[in-house]
Amino acid sequence: MTRRSPDELLAAFVIVGLVGAGAVALAAPTWWRAAPPLVLLSAIGGWGIADRERSATGARGVAFAVVRGASVLASLVAAGAIVLAFLGVAIGRWIS
């Protein structure tokens, strides 16, 4: 998906994801379940942008490699939080 997406869409993913997750964290911390999908959206956009610059060399290449690594880490944490939130709701209702 990210290879065919235009740069503007990937940048919008990053901006919407970061601003949305920040707004949830600052304005309504009790809505924490809304933050992981936004972080995941931002990680997808960051990965797509960094993946397009894979052939960069020098300091720029290292910076994009760090962005790719951070995107992978953020997506793993966000996906784990989504799964745990789902299981908490499903098992919580199931047990009680």
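Residue numbers run from 1 in the order of the sequence given.
Residues satisfying the side chain to side chain contact (heavy atoms under 4.5 Å, CB included) test with Pro29, not counting sequence neighbours, are none. The side chain to side chain contact (heavy atoms under 4.5 Å, CB included) test applied to Pro37 returns Ile82, not counting sequence neighbours. Asp51 is linked by a salt bridge (charged side-chain N to carboxylate O under 4.0 Å, His left out) to Arg3, Arg54, counting only residues two or more places apart in sequence or in another chain. In this view, Arg52 and Asp7 satisfy the salt bridge (charged side-chain N to carboxylate O under 4.0 Å, His left out) rule, not counting sequence neighbours.
Taking both residues in full, the closest heavy atoms of Val67 and Gly46 are given as CG1-O, 3.8 Å, listed atom of the first, atom of the second, then distance.
Screening residues 10-39 for side-chain hydrogen bond (donor to acceptor under 3.5 Å, both in side chains) gives no qualifying pairs among residues at least two apart or on separate chains. Within the structure, the salt bridge (charged side-chain N to carboxylate O under 4.0 Å, His left out) test picks out no pair touching residues 11-31 (sequence neighbours left out). Residue pairs that meet the salt bridge (charged side-chain N to carboxylate O under 4.0 Å, His left out) test with at least one member in residues 59-72, sequence neighbours left out, are Glu53-Arg60.
Using a 4.5 Å cut-off between side-chain heavy atoms of Ile, Leu, Val, Met, Phe, Trp and Tyr, Leu76 falls into a hydrophobic cluster with Trp47, Val72.
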Report all side-chain donor-acceptor pairs from residues 12-25 shorter than 3.5 Å, counting only partners two or more places apart or in another chain.
none

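Atom CG of Leu40 sits about 10.5 Å away from atom OG of Ser71, to the nearest 0.5 Å.
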